[in-house]
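Taking it in order: structure first as structure tokens, then the write-up.
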Amino acid sequence: QVHLVESGGGLVQAGGSLRLSCAASGRTFSTYAMGWFRQDPGKEREFVAAISRAGVYTYYAESVKARFTISRDNAKNTMYLQMNSLKPEDTGVYYCATKLATMIKDDYAMDYWGKGTLVTVSS
């Protein structure tokens, strides 16, 4: 059992930055690959970024490459998503998720999900 809590969402102007955090508790944090997903009202949930359980590998959706950076601190049981050069289309509820696997890639079948944190980017 893993409990995930996202934080850091808010309202920001286009071009601005925001840093999301996902605090995890439960099973050993380092055994889970983790990822960020987002969902805008009326749209399907989409993959944003993922990081392997040891933090060696990262994978990003094409829409956020060069703008977002995913990282994790296993000592703090926390994952982060640094979002720069934000665009209105980045608006949505961002969800932290984890899976008992080495890496998340082209996979939406997560073992655990957080409740989400809202990110709103104004133009």
Side-chain angles (χ1 to χ4, degrees):
Q1 186 70 40
V2 177
H3 181 60
L4 305 172
V5 179
E6 302 95 334
S7 63
L11 176 64
V12 64
Q13 289 188 338
S17 299
L18 213 56
R19 189 194 193 202
L20 305 183
S21 297
C22 173
S25 62
R27 295 185 179 180
T28 303
F29 186 71
S30 62
T31 65
Y32 288 80
M34 302 193 74
W36 288 97
F37 298 79
R38 67 188 181 190
Q39 187 169 22
D40 210 12
K43 298 181 180 180
E44 296 182 359
R45 186 169 298 185
E46 65 176 341
F47 168 79
V48 176
I51 187 166
S52 62
R53 58 189 178 188
V56 176
Y57 305 102
T58 57
Y59 182 63
Y60 300 90
E62 288 295 327
S63 61
V64 306
K65 281 185 177 178
R67 298 190 299 118
F68 291 11
T69 301
I70 188 171
S71 62
R72 66 190 295 165
D73 186 339
N74 288 352
K76 294 183 177 181
N77 291 341
T78 304
M79 176 180 66
Y80 308 94
L81 183 67
Q82 178 64 49
M83 305 184 292
N84 299 323
S85 301
L86 284 163
K87 304 175 181 179
E89 51 262 44
D90 292 319
T91 292
V93 176
Y94 282 68
Y95 297 91
C96 170
T98 188
K99 185 176 183 178
L100 187 59
T102 302
M103 185 59 176
I104 294 170
K105 209 167 189 177
D106 301 317
D107 184 13
Y108 287 80
M110 303 295 101
D111 290 325
Y112 302 98
W113 293 89
K115 293 178 64 178
T117 184
L118 179 63
V119 172
T120 303
V121 184
S122 64
S123 59

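Since the structure is predicted, the reported quantities are computational estimates derived from the model, not experimental observations.
- Linking Ile, Leu, Val, Met, Phe, Trp and Tyr whenever their side-chain heavy atoms come within less than 4.5 Å leaves M103 and L4 in two separate clusters.
- Atom-to-atom distance recorded for K65:NZ and T58:OG1 is 9.5 Å, nearest 0.5 angstrom.
- In plain terms, the two heavy atoms of L81 and A49 that are nearest each other are CD1-CB, 4.3 Å.
- In terms of heavy atoms, P88 sits closest to S123 at CG-CB, 3.9 Å.
- Looking only at distances, a side-chain donor or acceptor of E6 sits under 3.5 Å from a matching main-chain atom of K115.
- Sorted by first then second residue, the disulfide (SG to SG under 2.5 Å) pairs that include residues 32-74, not counting sequence neighbours, number zero.
- The same ILVMFWY cluster, assembled from side-chain heavy atoms under 4.5 Å apart, contains both M34 and M83.
- The two residues T117 and G8 come nearest to each other via the heavy atoms OG1-N, 4.2 Å.
- Listed by chain and number, the residues in a side-chain hydrogen bond (donor to acceptor under 3.5 Å, both in side chains) with K43 amount to none (sequence neighbours excluded).
- The list of side chain to side chain donor-acceptor pair (under 3.5 Å) pairs with a residue in residues 79-92, not counting sequence neighbours, reads S17-N84, R38-D90, R67-D90, Q82-N84.
- No path of Ile, Leu, Val, Met, Phe, Trp and Tyr side chains, each step under 4.5 Å between heavy atoms, connects M79 with W113, placing them in separate hydrophobic clusters.
- A donor-acceptor contact shorter than 3.5 Å links the side chain of T98 to the backbone of A33.
- Residues in residues 7-118 take part in these disulfide (SG to SG under 2.5 Å) pairs, two or more places apart or across chains: C22-C96.
- Within the 4.5 Å cutoff, the side chain of F37 has heavy atoms near those of the M110 side chain.
- In this structure, R45 is not positioned above the aromatic face of Y108 in the sense of NZ or CZ being under 6.0 Å from the six-membered ring centre and within 45° of the axis.
- Linking Ile, Leu, Val, Met, Phe, Trp and Tyr whenever their side-chain heavy atoms come within less than 4.5 Å puts V2 and L100 in one cluster.
- Between Y94 and F68, the ring planes lie tilted relative to each other; the angle falls in the 30° to 60° range.
- When hydrophobic clusters are built by joining Ile, Leu, Val, Met, Phe, Trp and Tyr residues whose side-chain heavy atoms come closer than 4.5 Å, directly or via intermediates, Y95 is not grouped with L18.
- Residues passing the side chain to side chain contact (heavy atoms under 4.5 Å, CB included) test with A61 are F47, S63, V64, sequence neighbours excluded.
- The shortest non-hydrogen separation linking W36 to L20 is CH2-CB, 3.7 Å.
- With sequence neighbours excluded, the residues that form a side chain to side chain contact (heavy atoms under 4.5 Å, CB included) with L118 are V93, T120.
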What's the verdict on side-chain contact (heavy atoms from CB on, under 4.5 Å) for Y59 and I104, showing C-alpha distance, side-chain angles and the deciding distance? CA-CA 8 Å; Y59 182 63; I104 294 170; over 6 Å; no

